[in-house]
Amino acid sequence: MRYDLVIFDNDGVLVDSEPISNRLLAGYLTELGHPTSYEESLRDYMGSAMHRVHDLVEERTGERLPDDFDDVFHARVFAAFERELKPVTGAVEVLERLVADGVPYCVASSGSHERIRVGHRTTGLDAWFEDERVFSSEDVGRGKPAPDLFLYAAERMGVAPERCVVVEDSPLGVRAAVAAGMDVYGFTAMTPAERLVGVTQLFGDMGQLVDLLE
């Protein structure tokens, strides 16, 4: 395989969580007096850390979200995950192939460690991701589109950035990977290809990924 480390985004790449979380985020923001459609939530917040939601709402309206916004939102999301969350189709097969080929991999997500773990436990992906393979925006000062998270993951995994490839499905994540000096494969299952500017390769079916990496 041409890379020494495969870095996966989590939401939308490993777990099929974006439809769930963006539906709930749009609904909660609307409930609080900030009308937001599902499509707008995907456009503005997909792939971002929670601080971006706070920052954009305050920038656009001059109002701050409630202090308990994150706690309430995550409680709703985690409850929905328990009912609905599935792994992305083909993700387990990709992980099986990487393990069989001895290729190191990890996850680097804008989500909190708790969110990552809840999603992985619910879908069974926790069997593939020991603690030392899990990195969150909580671990660094700035989330995506800053490169910090991907650089941190590469450093912790002991691999130079230029030997890493990132698997991403959001424009913010792609920008972060490019800024980190890494190749990035853009997953178009939920994001139009034209929004993933700067990718090394586009693909629409997770089953294609391993062959593309070789």
Side-chain angles (χ1 to χ4, degrees), residues 1-23 38 42 46-48 77-78 80-111 115-136 144 149-150 153-154 157 159 163-178 182-214:
M1 193 164 289
R2 69 180 74 174
Y3 301 102
D4 295 335
L5 177 65
V6 181
I7 303 176
F8 291 96
D9 175 43
N10 190 54
D11 294 293
V13 170
L14 293 173
V15 295
D16 195 16
S17 54
E18 294 290 8
I20 299 170
S21 58
N22 282 281
R23 182 187 75 232
Y38 170 72
L42 287 174
M46 181 174 163
S48 67
V77 167
F78 296 163
F81 279 3
E82 296 289 346
R83 298 190 303 268
E84 305 174 45
L85 189 63
K86 307 291 184 187
V88 167
T89 301
V92 170
E93 289 75 14
V94 171
L95 294 169
E96 288 175 340
R97 181 74 172 274
L98 293 178
V99 169
D101 291 349
V103 179
Y105 64 90
C106 64
V107 60
S109 172
S110 293
R115 178 184 172 119
I116 297 167
R117 282 309 187 194
V118 169
H120 285 189
R121 284 196 303 270
T122 303
T123 58
L125 290 179
D126 54 338
W128 301 93
F129 288 94
E130 306 90 346
D131 288 345
E132 58 267 24
R133 295 184 190 267
V134 177
F135 305 101
S136 160
K144 306 169 189 178
L149 176 57
F150 290 138
M157 296 294 291
V159 178
R163 297 298 304 156
C164 299
V165 62
V166 175
V167 184
E168 263 288 355
D169 70 333
S170 76
L172 293 174
V174 169
R175 286 169 55 193
V178 171
M182 300 175 180
D183 282 359
V184 55
Y185 282 48
F187 185 40
T188 60
M190 285 201 59
T191 307
E194 60 269 20
R195 294 197 65 212
L196 299 179
V197 178
V199 296
T200 309
Q201 177 79 46
L202 291 165
F203 69 106
D205 182 339
M206 192 57 68
Q208 301 173 292
L209 180 60
V210 172
D211 289 338
L212 290 173
L213 293 173
E214 291 184 341

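Note that the coordinates shown come from a computational prediction; the quantities given were computed from them, not determined experimentally.
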Could you check Tyr105 against Val99 for side chain to side chain contact (heavy atoms under 4.5 Å, CB included), going step by step and ending with a plain yes or no? CA-CA 9 Å; Tyr105 64 90; Val99 169; 3.8 Å; yes

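- The CZ atom of Arg133 sits 9.0 Å away from the CG atom of Leu95 when rounded to the nearest 0.5 Å.
- Note: Glu132 CD to Met157 CE = 8.0 Å, rounded to the nearest 0.5 Å.
- Put simply, the side chain of Asp4 does not reach to within 4.5 Å of the side chain of Cys164, judged on heavy atoms.
- Closest of all the heavy-atom pairs between Val13 and Ala91 is O-CB, 4.2 Å.
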Step by step, would you call Val178 with Arg175 a side chain to side chain contact (heavy atoms under 4.5 Å, CB included)? CA-CA 5 Å; Val178 171; Arg175 286 169 55 193; 5.9 Å; no

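- Atoms CZ and CZ, on Phe129 and Arg117 in that order, are 9.0 Å from each other to the nearest 0.5 Å.
- The shortest heavy-atom contact between Phe150 and Gly173 is CE1-O, 3.5 Å.
- A salt bridge links Asp11 with Arg115; the closest basic N to acidic carboxylate O contact falls under 4.0 Å.
- Taking every heavy atom of both residues into account, Thr89 and Met206 meet most closely at O-CB, 3.3 Å.
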Could you go through the side chain to side chain contact (heavy atoms under 4.5 Å, CB included) check for Val88 and Phe8 one step at a time? CA-CA 12 Å; Val88 167; Phe8 291 96; over 6 Å; no

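- Within the model, atoms CG of Leu85 and CZ of Arg121 stand 12.0 Å from one another, a figure rounded to the nearest 0.5 Å.
- The structure places NZ of Lys144 at 5.5 Å from OG of Ser109, a figure rounded to the nearest 0.5 Å.
- Side-chain atoms of Arg2 and Asp183, non-hydrogen and from C-beta on, never get closer than 4.5 Å to each other.
- Between Glu82 and Thr122, the closest side-chain pair of non-hydrogen atoms falls below 4.5 Å.
- The heavy-atom pair separating Ala108 from Ala153 by the smallest distance is CB-CB, 4.3 Å.
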Set out, in order, the CA-CA distance, both residues' side-chain angles and the distance that settles side chain to side chain contact (heavy atoms under 4.5 Å, CB included) for Arg195 and Thr188, then state yes or no. CA-CA 9 Å; Arg195 294 197 65 212; Thr188 60; over 6 Å; no

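- Tyr185 has its side chain within reach of Tyr3: a pair of non-hydrogen atoms, C-beta onward, lies under 4.5 Å apart.
- Leu125 has its side chain within reach of Val92: a pair of non-hydrogen atoms, C-beta onward, lies under 4.5 Å apart.
- The closest side-chain heavy-atom distance from Leu209 to Arg97 is not below 4.5 Å.
- Side-chain contact between Val165 and Thr200 is absent, with no heavy-atom pair separated by less than 4.5 Å.
- At least one donor-acceptor pair closer than 3.5 Å links the side chain of Thr191 to the backbone N or O of Asp169.
- Closest approach of Met182 to Val166, counting heavy atoms only: SD-CG2, 3.6 Å.
- One distance of note links OG of Ser170 with CZ of Phe187; it measures 13.0 Å at 0.5 Å rounding.
- A 4.5 Å side-chain heavy-atom check between Asn10 and Val15 finds at least one atom pair inside the cut-off.
- For Ser136 (side chain) and Gly111 (main-chain N/O), a donor-acceptor pair under 3.5 Å exists by modelled atom type.
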